[in-house]
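Working notes, structure below.
Just so you know, residue 1 is the first one in the sequence shown, and it goes up from there. Keep in mind it's a predicted model, so treat the numbers as computed, not measured.
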Amino acid sequence: ETKKECDKETLKFLDEYENVCKELLAIPLIKGKKTEKEKFAGALYTTTIESLMPDGKSLQCGTSHNLGQGFAKSFGIKFLSKDEKEEIPWQNSWGISTRLIGAMVMIHGDDKGLVLPPKVAYNKLVVVPIIFEKEKDEVLVESERISKMLKIFNPIFDDREGYSAGWKFNERELKGIPIRIEVGPRDVKEKQVILVRRDNNVKETVKVDKLKKRVKELLLQIQDDMYNKAKKFLDESIKNVSNWKELENVINDKKTAATFYCGNVNCEDSVKDKLNGVKAICIPFSKEKKRGSCVYCGKDSKEVVYFAKSY
């Protein structure tokens, strides 16, 4: 009904998208507003969540737009107000897409393959028996028992014959299973297992009677560690710059530049032309409003803008 209501809902959905990225996909974000050049055509303004990929490029992870009243006017949309008068509504629009899957793969993946945050991994662990012919039966029985004991984590019990344990390790690493549990003859005797984290390959020995509790703790720890690692990369990739030469150096170093910008579309186009497609990602909400000089034309500016190459 009003601009104030529309503003509130526009930001509400941006916050929801931030929660999806942060809490489920372990993707840290920059929240902000698009420049006039980069906003959705016809919108009053566009808000965005952006993340940085390991190759230094920015990826737009979701947007929420206040469309104003222009589209409603164009399509003849009206409503009856509380005082029974015809009014034009304020509209908004918001969306995320499957590109978030790509973002998750790029941010967390490594040379071994996919690394899945535990909260979105369908199978949170795999149990791999280490087979030697002499102790084969007892190892398989114990491995299956452990797998059933941990059924709340939807484990894979990989007892396939014809594949070595090492081959199974590699396959499950490729597919990003958060935790691997190894069970060998010695582990059966000692009533223990070996836990291996997919995100950093750290191993630990855990007694079977404490296994369920430890797996639950470890999954939460992996989720947090994956986010914190990505957040550290994001923070270290944003560099403050105050002049054109510094801007060039930061972009050539595959980083994101935080700098003052006057808001003139011509300046934005010039930056893009001279730096091979660099774009204004957003005006970040988090940056304190100060005054400075536009990185391109030198005119007075009161907004900090992030510039980077993007997908």
Side-chain angles (χ1 to χ4, degrees), residues 18-30 51-57 59 61 100-130 143 146-147 149-150 152-158 163-184 186-187 190 192-238 254-256:
E18 180 187 33
N19 287 337
V20 168
C21 290
K22 181 178 179 180
E23 301 300 331
L24 297 182
L25 305 178
I27 297 175
L29 299 167
I30 301 165
S51 193
L52 299 181
M53 301 299 108
D55 62 358
K57 289 184 180 179
L59 182 70
C61 292
L100 288 182
I101 298 173
M104 181 192 70
V105 171
M106 285 192 283
I107 286 174
H108 302 305
D110 59 22
D111 289 343
K112 293 180 181 179
L114 185 62
V115 181
L116 285 173
K119 287 186 180 178
V120 293
Y122 181 71
N123 305 109
K124 302 190 188 306
L125 58 91
V126 57
V127 179
V128 181
I130 312 299
S143 297
I146 288 170
S147 184
M149 182 180 75
L150 300 173
I152 62 168
F153 305 110
N154 200 26
I156 296 169
F157 173 41
D158 198 343
Y163 297 89
S164 68
W167 196 95
K168 293 175 183 179
F169 294 170
N170 290 336
E171 182 187 28
R172 302 309 174 181
E173 286 172 345
L174 181 70
K175 294 183 177 180
I177 308 297
I179 295 175
R180 181 174 76 241
I181 295 179
E182 302 173 7
V183 185
R186 181 184 170 190
D187 301 311
E190 299 290 336
Q192 66 183 30
V193 298
I194 306 297
L195 289 188
V196 187
R197 292 174 54 157
R198 172 64 184 90
D199 63 318
N200 61 14
N201 206 40
V202 170
K203 297 184 178 184
E204 64 177 281
T205 302
V206 180
K207 291 294 183 180
V208 173
D209 60 355
K210 297 180 179 177
L211 184 56
K212 195 171 184 179
K213 181 174 181 284
R214 181 56 186 148
V215 168
K216 188 175 181 180
E217 293 171 347
L218 196 56
L219 289 169
L220 292 173
Q221 185 65 56
I222 292 170
Q223 184 81 24
D224 288 345
D225 288 352
M226 288 178 66
Y227 176 80
N228 291 333
K229 179 183 177 183
K231 182 69 165 63
K232 184 173 182 287
F233 170 78
L234 174 67
D235 292 343
E236 291 176 350
S237 296
I238 299 172
K254 297 182 178 179
K255 305 288 185 184
T256 294

Worksheet entry | Criterion side-chain contact (heavy atoms from CB on, under 4.5 Å) on V126 and K168, from CA distance to verdict | CA-CA 10 Å; V126 57; K168 293 175 183 179; over 6 Å; no
Distance in Å, [X] [atom1] paired with [Y] [atom2], rounded so as to fall on 0.5 Å steps:
X: I181; Y: L195; atom1: CD1; atom2: CG; value: 5.0 Å
X: F153; Y: I177; atom1: CZ; atom2: CD1; value: 14.5 Å
X: K175; Y: I156; atom1: NZ; atom2: CD1; value: 7.5 Å
X: N201; Y: F169; atom1: CG; atom2: CZ; value: 10.5 Å
X: M226; Y: N200; atom1: CE; atom2: CG; value: 10.5 Å
X: I107; Y: C61; atom1: CD1; atom2: SG; value: 6.5 Å

Item to complete: Output every pair passing side-chain hydrogen bond (donor to acceptor under 3.5 Å, both in side chains) with a member in residues 120-130, not counting sequence neighbours, ordered by first then second residue.
Response: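 Residue pairs passing side-chain hydrogen bond (donor to acceptor under 3.5 Å, both in side chains), neighbours aside: none found.
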Discussion item. Under 4.0 Å between a side-chain nitrogen and a carboxylate oxygen: does that hold for D225 and R197?
Written reply: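 R197 and D225: salt-bridged.
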Heavy atoms only: give me the nearest [X]-[Y] pair and the separation to one decimal.
X: L100; Y: I27; value: O-CD1, 4.2 Å
X: P155; Y: S147; value: CG-O, 3.3 Å
X: I179; Y: L219; value: CD1-CD2, 3.7 Å
X: D158; Y: P129; value: O-CD, 3.2 Å
X: L116; Y: P178; value: O-CG, 3.8 Å
X: F233; Y: P54; value: CZ-CA, 3.8 Å

Worksheet item: For R180, what residues pass the side chain to side chain donor-acceptor pair (under 3.5 Å) criterion, not counting sequence neighbours?
Response: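 Counting only residues at least two positions away or on another chain, R180 forms a side chain to side chain donor-acceptor pair (under 3.5 Å) with E173, E182.
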Worksheet entry | Residue list, side chain to side chain donor-acceptor pair (under 3.5 Å) with K231, at least two apart or on another chain |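 Here the qualifying residues are D235.
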Practice prompt. Go through I238 and I30 one step at a time and tell me if the side-chain contact (heavy atoms from CB on, under 4.5 Å) criterion holds.
Written response: CA-CA 10 Å; I238 299 172; I30 301 165; 3.9 Å; yes
Practice prompt. Among residues two or more places apart or on two chains, list those pairs meeting salt bridge (charged side-chain N to carboxylate O under 4.0 Å, His left out) that have a residue in residues 203-212.
Written response: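 Passing the test, one end in residues 203-212: E204-R214.
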Discussion item. Assess the residue pair R198 and D110 against the criterion (side-chain contact (heavy atoms from CB on, under 4.5 Å)); give the C-alpha distance rounded to whole Å, side-chain angles, the decisive distance to 0.1 Å, and a yes or no.
Written reply: CA-CA 10 Å; R198 172 64 184 90; D110 59 22; 2.8 Å; yes
Keeping [X] on the side-chain end and [Y] on the backbone end, is there a donor-acceptor pair under 3.5 Å?
X: Q223; Y: L24; result: yes
X: H108; Y: A26; result: yes
X: S51; Y: L29; result: no

Do [X] and [Y] come close enough that some side-chain heavy atom pair is under 4.5 Å?
X: D187; Y: Q192; result: yes
X: K229; Y: D199; result: no
X: E23; Y: Y227; result: no

Worksheet item: Looking at residues at least two apart in the chain, or sitting in another chain, which of them share a salt bridge (charged side-chain N to carboxylate O under 4.0 Å, His left out) with K255?
Response: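 Testing K255 for salt bridge (charged side-chain N to carboxylate O under 4.0 Å, His left out), a comparison that skips the adjacent residues, returns none.
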Discussion item. I'd like to check the salt bridge (charged side-chain N to carboxylate O under 4.0 Å, His left out) partners of K232; sequence neighbours left out, ordered by chain and number.
Written reply: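 Salt bridge (charged side-chain N to carboxylate O under 4.0 Å, His left out) list for K232, sorted by chain: E236.
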